[in-house]
Each structure stands twice: as C-alpha cells, then as structure tokens.
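Here the structure is a predicted model, which is why all the values come from computation and not from measurement. Each chain gets a letter, A, B and so on, in the order its sequence line appears, and its residues count up from 1.
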There are 2 protein chains.
Amino acid sequence: MPAGPMPTGGRPARIGFLLSQLGAHATELFADQTRGLGITPSEAGVVRIIGRSPGISQRELSDTLGSVQSRVVALIDRLEGAGLVTRTRSSADRRIQELRLTESGVSVLRSLRYAAEAQEAAIVDGLTPEQAAELFGLLSKLSSLRGLDAEVHVGYRDASR
Amino acid sequence: MPAGPMPTGGRPARIGFLLSQLGAHATELFADQTRGLGITPSEAGVVRIIGRSPGISQRELSDTLGSVQSRVVALIDRLEGAGLVTRTRSSADRRIQELRLTESGVSVLRSLRYAAEAQEAAIVDGLTPEQAAELFGLLSKLSSLRGLDAEVHVGYRDASR
DNA sequence: CTGCATGATTCACTAGGTGAATAATTACAG
DNA sequence: CTGTAATTATTCACCTAGTGAATCATGCAG
C-alpha cells in the first residue's frame with residue numbers, strides 16, 4: 001500500500017471526493033423514489049430483506065443490517081404501524097418475533113424495483129451504454145475489493161468509533 | 001429520458017447502488033482521517049473554505065455550504081472553541097463576523113491535504129493507474145452532467161423536502 | 001429620523017441513531 | 001429437575017446534526 005506524499009500518480013486526489021458527492025447524490029435520488037412510497041431508504045432496505053427472508057427474526061435482521069437491536073425495534077414499529085410488516089411470536093421459540101411482509105408490504109417491495117430502475121436511469125443519463133458498462137465494471141471491482149458486496153442499501157456501518 | 005420497465009439495457013440496476021455504497025465508504029474513510037485531527041468532515045469543509053477565503057462572513061459561508069446561518073453559528077462555535085478559527089467584527093460593517101484560520105487552523109488545513117491523499121490511496125488501492133484514470137474520467141463526467149462541481153465536501157444538499 | 005433589510009445569534013424542535021438496563025424465555029450444567 | 005447463564009425484544013435516557021422562527025444589533029435608503 002503506497003504511503004508517500006503523492007501516491008496518486010500526479011492526478012489530483014479527487015476520486016474519493018467524487019465518490020462521496022455522487023454517492024450522496026445517488027442516495028438522494030433513491031430517497032426521492034422511496035419518499036413517494038411513504039418510507040425512508042433504511043426502511044426500504046428492511047422491506048427488501050424481509051421480502052427475501054420471510055420469518056426472519058429481529059436479531060437476524062439487525063445482524064444483516066449491521067445495526068443494533070434497539071434500532072430494529074424502532075424500524076419495525078414504524079413499518080408495522082404503516083401496515084407493511086407483521087410481527088408474529090415464533091411458536092418454536094417464543095422470544096422470537098417472526099417478521100413478514102403484508103400484502104401492502106409486498107406491493108411496496110414491487111414498487112421498489114421500479115424505483116431502483118428509475119434511479120438507475122436518472123444516474124446513467126448522459127452516459128453511453130458502453131460508458132455505463134465500463135463504470136459498472138470499475139465500481140463492481142472496487143466494491144469487491146473492499147468487501148462491500150452486501151445487499152444492504154443503508155449507510156456504511158461501524159467505522160465511527 | 002427512458003422510462004420503460006428495463007431502461008438500463010439488460011444490465012441489472014446497480015450503478016446507483018454501488019455509488020451509494022462506495023460513496024458512503026469514501027465518506028467514512030475521509031471521516032477516519034479528519035477524526036485524527038479532532039474535527040468532523042463538515043468542519044473540515046469549513047476549514048478549507050475559510051482557508052481559501054480569509055475574512056469571509058458567516059453569511060457567505062452559509063451560502064457556500066448551502067446551509068443555514070444558524071447551522072454555521074454552531075460550526076464556528078465549535079471551531080473557534082477548538083482554536084482553529086477566529087471571529088472578528090468587521091470594522092466596515094459591524095454586523096459581519098470575519099472568519100480566519102488561526103495558526104492551528106492553517107496547520108490542520110495542511111494536514112487535510114495529506115488526509116485527502118491518504119483517502120485517495122486507500123480508495124484506488126487495487127486498481128491499476130489506467131483503471132483509476134478511467135474511473136476518474138467517468139465520475140468527472142457524471143459529476144459535471146449533474147452540476148455537482150461544487151467545492152463542498154458536505155452532504156448533498158436540499159432534496160429532502 | 002424613520003423604517004426596512006441584513007448578519008448573527010438563540011431557542012425549541014425533529015430525525016436518526018447508540019448503549020445500558022430490563023423482562024421474558026430458552027439452554028444447559030450438574 | 002433446578003438453578004444459572006445466554007438470548008430476544010423492548011424501553012429509556014442520551015447524543016449529534018440539522019431546521020426554522022424569533023430576536024437583536026447594525027446599516028442604509030428615503
């Protein structure tokens with residue numbers, strides 16, 4: 001790992017800068033989409049996870065999100081109140097709340113796919129298909145290099161302690 | 001602007017996803033760097049702006065940041081308390097507080113350049129110089145397409161209302 | 001001088017998130 | 001079987017960052 005005073009080969013140090021800016025922009029675009037569905041991006045992530053793993057416990061969900069259990073309680077309180085998610089005590093282990101999407105939840109999940117496509121279209125608008133493919137390849141490589149292949153769309157976890 | 005059910009040419013809709021993730025990652029890396037200097041990324045942005053425009057007023061700063069004046073008061077309170085910034089009433093217009101970096105502030109600003117380079121090195125680590133240059137070109141293009149060429153490193157503004 | 005505009009500040013409030021303590025339940029050693 | 005430890009969900013106090021309204025001092029046009 002290079003560590004000298006100019007490790008970026010003479011190029012100004014701006015990829016990180018651009019990634020921060022464009023990442024925030026992409027997050028905002030996605031938030032615009034989810035706002036129309038009455039949920040936040042974090043809640044959208046929760047809906048997707050529950051849709052993929054019906055019956056998941058809050059504990060498992062907090063692990064998947066990289067969040068803490070108390071945060072999950074608040075998220076599920078909100079989604080349950082909005083009628084998108086149900087809590088059911090597991091009959092096998094009564095400590096566990098099994099999480100499932102309601103019919104409305106499934107409907108929102110479907111809408112989220114269109115939201116993601118609208119976001120994608122807005123983001124690559126102005127790039128040629130070849131440029132978009134090239135960008136996708138480079139970002140994928142960076143993502144796998146950093147071990148960020150997770151499914152979660154929420155903020156990058158930990159690191160602030 | 002395409003709006004059909006599959007506007008991304010058969011590629012899964014993930015550039016937005018990757019940008020969000022990698023952007024959050026880049027932001028965290030930069031936060032790691034500034035944390036060592038005892039400031040937040042927002043405060044680092046303020047230090048850079050004041051360093052570039054000594055004597056700037058809080059009002060001008062809030063415009064540059066895209067923030068509100070009351071937020072700037074809190075930021076400057078913090079930086080003044082940390083001994084990095086001074087407030088001086090303008091003799092020409094006594095409503096105005098002229099902001100300047102102290103000696104420590106200048107020193108922190110210098111350190112921020114190294115922090116940005118360390119962040120950059122960490123981010124492109126694993127890419128060839130050619131790949132990094134290609135990525136830089138594509139991100140720059142996206143950034144200019146979206147009109148994001150601003151100097152500010154803080155979060156993408158507005159859009160949440 | 002009067003009245004309005006502007007810069008800074010304070011204040012109450014919100015959103016999102018963290019960590020400790022607690023209650024209910026289950027697992028398990030002896 | 002019994003008591004002790006671990007696990008799940010929940011509540012609570014707290015924190016940080018940020019917003020918008022109200023206030024105060026100052027400048028400026030007429």
- Message: I'd like to check the side-chain hydrogen bond (donor to acceptor under 3.5 Å, both in side chains) partners of A:Glu60; sequence neighbours left out, ordered by chain and number.
- Response: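 For A:Glu60, the residues satisfying side-chain hydrogen bond (donor to acceptor under 3.5 Å, both in side chains) (neighbours in sequence not counted) are A:Ser57.
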
- Can you sort out the partners of A:Glu80 under side-chain hydrogen bond (donor to acceptor under 3.5 Å, both in side chains), two or more places apart, ordered by chain and number?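 Partners of A:Glu80 under the side-chain hydrogen bond (donor to acceptor under 3.5 Å, both in side chains) test: A:Arg87.
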
Protein-nucleotide distance ([X], atom [atom1]; [N], atom [atom2]), rounded to Å:
X       : N      : atom1 : atom2 : result
A:Ile96 : C:dT26 : CD1   : C1'   : 10 Å
A:Glu98 : D:dA9  : CD    : C1'   : 14 Å
A:Gln69 : C:dG19 : CD    : P     : 13 Å
B:Arg87 : C:dG7  : CZ    : C1'   : 12 Å

- Message: Can you confirm whether B:Leu65 sits close enough to B:Leu75 that some side-chain heavy atom of one is under 4.5 Å from a side-chain heavy atom of the other?
- Response: yes

Under 3.5 Å, which N/O atoms of the protein pair with N/O atoms of nucleotides 13-15 of chain D?
none

- Quick one, which residues of residues 70-81 of chain A touch DNA chain D with a heavy atom under 4.0 Å? A:Ser70, A:Val73

- Task: Going 5' to 3' through nucleotides 22-30 of chain D, assign each nucleotide B (protein heavy atom under 4.0 Å from a base atom), S (under 4.0 Å only from sugar-phosphate atoms) or - (no protein heavy atom that close).
- Result: ----BS---

- Closest listed nucleotide, where the reference is the side chain of B:Val68 and the choices are C:dG7, D:dG18, D:dG20: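 Between C:dG7, D:dG18, D:dG20, the one nearest the side chain of B:Val68 would be D:dG20.
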
Is [X] near enough to [N] that one of its side-chain N or O atoms lies under 4.0 angstrom from OP1 or OP2?
X       : N      : result
A:Gln97 : D:dT10 : yes
A:Gln58 : D:dT10 : yes
B:Arg89 : C:dG7  : no

- Item | Closest non-hydrogen atom pair, B:Gly105 against B:Val47 | O-CG1, 4.1 Å

- Going by distance alone, is a donor N or O of one side chain under 3.5 Å from an acceptor N or O of the other, for B:Ser20 and A:Thr27? yes

- Query: How would you list, by chain and number, every residue that makes a side chain to side chain contact (heavy atoms under 4.5 Å, CB included) with B:Ser90, sequence neighbours excluded?
  - Reply: B:Ala92, B:Asp93, B:Ile96, B:Glu98

